[in-house]
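Computed from heavy atoms alone, side chains included, the values below leave out hydrogens, waters and symmetry copies. On a predicted model such as this, the values are computed, not experimentally measured, just so you know.
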Amino acid sequence: MREIRIFNSKDELYNAAADVFAASAAAAIAGGGRFTAALAGGSTPEALFRLLASDRYKNAVDWGRVFLFFGDERMVPADSAESNYRMAAESLIKPAGIADGNVFRWKTELGLDQAAEEYERAVAGLFDLDAADRRPDREWPQFDLVLLGMGTDGHAASLFPHSPALSEISRFAVPNKIAGSESERLTLTYPVINNSSLVMFLVAGSSKADVAKEVLEGEFRPDVLPAQLVQPVNGRLLWLLDEAAGALLKR
Ligand code: 6PG
């Protein structure tokens with residue numbers, strides 16, 4: 001089930017996203033004693049993370065029962081200004097006092113392939129699954145929430161157009177390449193993302209208006225627009241956009 005909400009301002013967008021995060025966390029913790037979330041990187045989520053760490057929300061979430069992963073990571077050191085982990089550490093993890101044991105970053109210092117293997121083991125460990133299983137019908141982790149942004153090229157996480165990871169059906173975590181570029185990334189795969197209970201896209205700014213229209217209302221061509229293949233099998237799909245990003249969408 002796909003739901004699209006467009007907000008008049010960034011403030012309203014981020015408050016709505018924080019409300020969804022806090023409500024999902026409360027429900028998961030009440031139901032199963034913990035909340036597992038994979039965070040998005042890039043620039044859009046930072047304001048959400050700062051809001052979640054603010055006095056307004058900090059006490060609305062039982063952070064000791066929250067386990068944070070990252071949907072993707074750049075192949076940079078954890079203290080790099082480009083690191084998705086560093087952005088979250090500075091805007092949420094440290095300010096909210098979230099314990100290191102509750103946070104699972106991609107260990108890029110291990111090198112590309114080893115970092116992906118280690119992340120596969122970390123995800124398997126928290127969800128009590130077999131990290132070595134490579135059968136396509138293996139049991140998949142079910143995150144309570146996967147938070148995603150979207151690039152102007154329609155990528156989500158580090159699932160880039162025409163990239164090898166788009167066809168990955170047996171691993172949780174893989175290296176990936178951006179077509180036509182040397183830059184290397186690490187990403188969760190579609191089967192993991194699409195097995196989650198809730199996927200929440202957070203999209204803001206006029207630069208995303210065209211791609212939002214193509215992804216949400218245009219022809220289905222996921223190799224070109226990877227965000228189109230984010231379709232939770234049993235979970236909810238929620239798109240939150242500000243007015244600028246949603247300007248071209250049918251109302
Ligand atoms: C990353 C992100 C990526 C991001 C989009 C949108 O590592 O960059 O995980 O998937 O969500 O590129 O980025 P912005 O929010 O900066 O527009």
Side-chain angles (χ1 to χ4, degrees), residues 38-46 48-49 69-89 91 104-120 122-123 134 143 146-194 196 199-216 218-231 237 239 241 245:
L39 301 179
S43 58
T44 303
E46 183 168 354
L48 168 61
F49 296 164
F69 288 76
F70 293 83
D72 68 330
E73 188 55 279
R74 295 88 179 270
M75 262 313 287
V76 296
D79 61 0
S80 161
E82 295 302 307
S83 165
N84 290 334
Y85 164 76
R86 176 177 157 179
M87 184 272 282
S91 56
F104 299 81
R105 68 176 180 84
W106 295 79
K107 294 183 178 167
T108 55
E109 63 274 21
L110 299 175
L112 191 66
D113 294 329
Q114 283 307 310
E117 293 283 345
E118 190 280 338
Y119 216 64
E120 181 96 14
V123 172
R134 288 288 181 272
F143 280 95
V146 173
L147 175 67
L148 294 173
M150 180 171 64
T152 53
D153 61 355
H155 81 260
S158 280
L159 297 164
F160 286 89
H162 312 297
S163 66
L166 298 188
S167 53
E168 178 57 55
I169 57 168
S170 67
R171 293 178 64 184
F172 303 158
V174 293
N176 201 22
K177 277 218 171 291
I178 303 175
S181 140
E182 284 314 303
S183 94
E184 297 171 324
R185 294 286 189 102
L186 292 155
T187 189
L188 294 183
T189 56
Y190 279 126
V192 172
I193 295 168
N194 286 334
S196 61
V199 174
M200 176 160 69
F201 273 98
L202 191 61
V203 184
S206 56
S207 70
K208 304 290 174 72
D210 289 333
V211 70
K213 175 85 174 168
E214 281 187 85
V215 165
L216 294 172
E219 181 194 344
F220 183 65
R221 37 194 192 121
D223 206 43
V224 176
L225 299 166
Q228 288 184 323
L229 252 185
V230 174
Q231 299 176 3
L237 175 57
W239 282 79
L241 306 97

For [X] versus [Y], what's the shortest heavy-atom pair and its separation?
X      : Y      : answer
Phe70  : Ala88  : CE2-CB, 3.5 Å
Ala40  : Phe49  : O-CZ, 3.7 Å
Gly42  : Met87  : O-CE, 3.2 Å
Gly71  : Trp106 : O-CZ2, 4.2 Å
Leu188 : Ile193 : O-CD1, 4.2 Å
Tyr190 : Pro226 : OH-O, 2.8 Å

| Parallel, tilted or perpendicular, as decided by the 30° and 60° cut-offs, for the rings of Phe69 and Tyr119 |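 Aromatic pair Tyr119/Phe69 classed perpendicular.
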Spatial distance of atom [atom1] ([X]) from atom [atom2] ([Y]) [nearest 0.5 Å]:
X      : Y      : atom1 : atom2 : answer
Glu118 : Leu186 : CD    : CG    : 10.5 Å
Leu39  : Asn84  : CG    : CG    : 9.5 Å
Leu147 : Leu48  : CG    : CG    : 6.0 Å
Arg74  : Thr108 : CZ    : OG1   : 12.0 Å
Met75  : Leu110 : CE    : CG    : 8.5 Å
Leu216 : Leu225 : CG    : CG    : 10.0 Å

| message | Run His155 and Ile178 through side-chain contact (heavy atoms from CB on, under 4.5 Å) and show every step you take. | response | CA-CA 10 Å; His155 81 260; Ile178 303 175; over 6 Å; no
Using a 3.5 Å cut-off and no angle test, enumerate the donor-acceptor pairs between side-chain atoms of residues 168-177 and protein atoms at least two apart in sequence or in another chain.
{"residue": "Glu168", "atom": "OE2", "partner": "Ser170", "partner atom": "N", "Å": "2.9"}
{"residue": "Glu168", "atom": "OE2", "partner": "Ser170", "partner atom": "OG", "Å": "3.1"}
{"residue": "Glu168", "atom": "OE2", "partner": "Arg171", "partner atom": "N", "Å": "2.9"}
{"residue": "Arg171", "atom": "NH2", "partner": "Ala173", "partner atom": "O", "Å": "3.3"}
{"residue": "Asn176", "atom": "OD1", "partner": "Ala165", "partner atom": "N", "Å": "3.1"}
{"residue": "Asn176", "atom": "ND2", "partner": "Ser158", "partner atom": "O", "Å": "2.8"}
{"residue": "Asn176", "atom": "ND2", "partner": "Ser163", "partner atom": "OG", "Å": "2.8"}

| query | side-chain contact (heavy atoms from CB on, under 4.5 Å) between Val146 and Met200: does it pass, once the steps are laid out? | reply | CA-CA 6 Å; Val146 173; Met200 176 160 69; over 6 Å; no
| Taking only residues two or more places apart in sequence, or in another chain, which ones meet Asp210 in a side-chain contact (heavy atoms from CB on, under 4.5 Å)? |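 Asp210 satisfies side-chain contact (heavy atoms from CB on, under 4.5 Å) with Leu248 once adjacent residues are dropped.
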| said: What verdict does the side-chain contact (heavy atoms from CB on, under 4.5 Å) test give for Leu148 and Val230, after you've listed the backbone C-alpha separation in whole Å, the side-chain angles of each residue and the deciding distance to 0.1 Å? | reply: CA-CA 10 Å; Leu148 294 173; Val230 174; 4.0 Å; yes
| query | Side chains of Pro77 and Glu109: does their closest heavy-atom pair fall under 4.5 Å? | reply |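 Counting from C-beta outward, Pro77 and Glu109 never come under 4.5 Å.
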| said: Quick check: do Thr44 and Lys208 have side-chain heavy atoms less than 4.5 Å from each other? | reply: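 SC-SC contact between Thr44 and Lys208 confirmed.
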| field | Salt bridge flag under 4.0 Å for residues Glu117 and Arg134 | value |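 Answer for the salt bridge query: yes.
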| Taking it one step at a time, do Arg185 and Phe160 satisfy side-chain contact (heavy atoms from CB on, under 4.5 Å)? | CA-CA 10 Å; Arg185 294 286 189 102; Phe160 286 89; 3.6 Å; yes
| field | Test item: Asp72 side-chain N/O and Ala156 main-chain N/O as donor-acceptor pair under 3.5 Å | value |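 Flag not set: sc Asp72 to bb Ala156 has no pair under 3.5 Å.
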| Would you say Gln114's side chain and Lys107's backbone share a donor-acceptor pair under 3.5 angstrom? |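 Side chain of Gln114 to backbone of Lys107: no pair is present.
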